[in-house]
Amino acid sequence: GFAYVKPKTEKKVWERLKETGITCYLPLIPKARMHHSTKIVTYFPMLASYVFLCVNDEERTDLKKSVKEECVPAIHNHPVRSEKVHRCSA
């Protein structure tokens with residue numbers, strides 16, 4: 001499943017979900033910039049406003065009840081076929 005979150009809150013939501021023990025994934029892309037002749041690398045979400053979750057129906061319902069509405073307005077449970085997951089992880 002996935003959680004649709006407010007823009008620019010993806011990392012905060014991802015960290016809070018990890019702290020509570022929920023298996024989640026946030027794909028990040030490095031972006032380098034120069035600041036006073038120093039190279040700074042920051043990481044941005046690959047898909048803005050999305051955090052991917054691995055939860056069952058009961059955990060999803062509990063998560064919807066416990067999450068603050070301003071951070072995570074929608075949590076969806078769309079199962080991914082196992083062959084797609086296998087292809088992605090290979």
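In what follows, every heavy atom counts, from backbone to side chain, and hydrogens, waters and symmetry copies are set aside. Source: prediction; values computed, not measured.
- To the nearest 0.5 Å, atoms CG (Leu53) and CD1 (Ile22) are separated by 7.0 Å.
- For the pair Lys18 and Trp14, the cation sits on the ring face: its NZ or CZ lies under 6.0 Å from the ring centre, inside 45° of the axis.
- Here the CE atom belonging to Met34 is positioned 9.0 Å from the CD1 atom belonging to Ile40, to the nearest 0.5 angstrom.
- Put simply, CD on Glu15 and OG1 on Thr9 are 11.5 Å apart, with the number rounded to the nearest 0.5 Å.
- With rounding to the nearest 0.5 Å, the separation of CZ in Arg33 from OG1 in Thr38 is 10.5 Å.
- There is a path of hydrophobic side-chain contacts, each under 4.5 Å, that joins Tyr50 to Tyr25.
- Taking the side chain to side chain contact (heavy atoms under 4.5 Å, CB included) definition, one finds that Pro30 meets it with Val41, Tyr43, sequence neighbours left out.
- Smallest separation of non-hydrogen atoms from Leu28 and Lys11: CD2-CE, 4.2 Å.
- Closest non-hydrogen pair, Glu10 versus Ser49, comes out as OE2-N, 2.6 Å.
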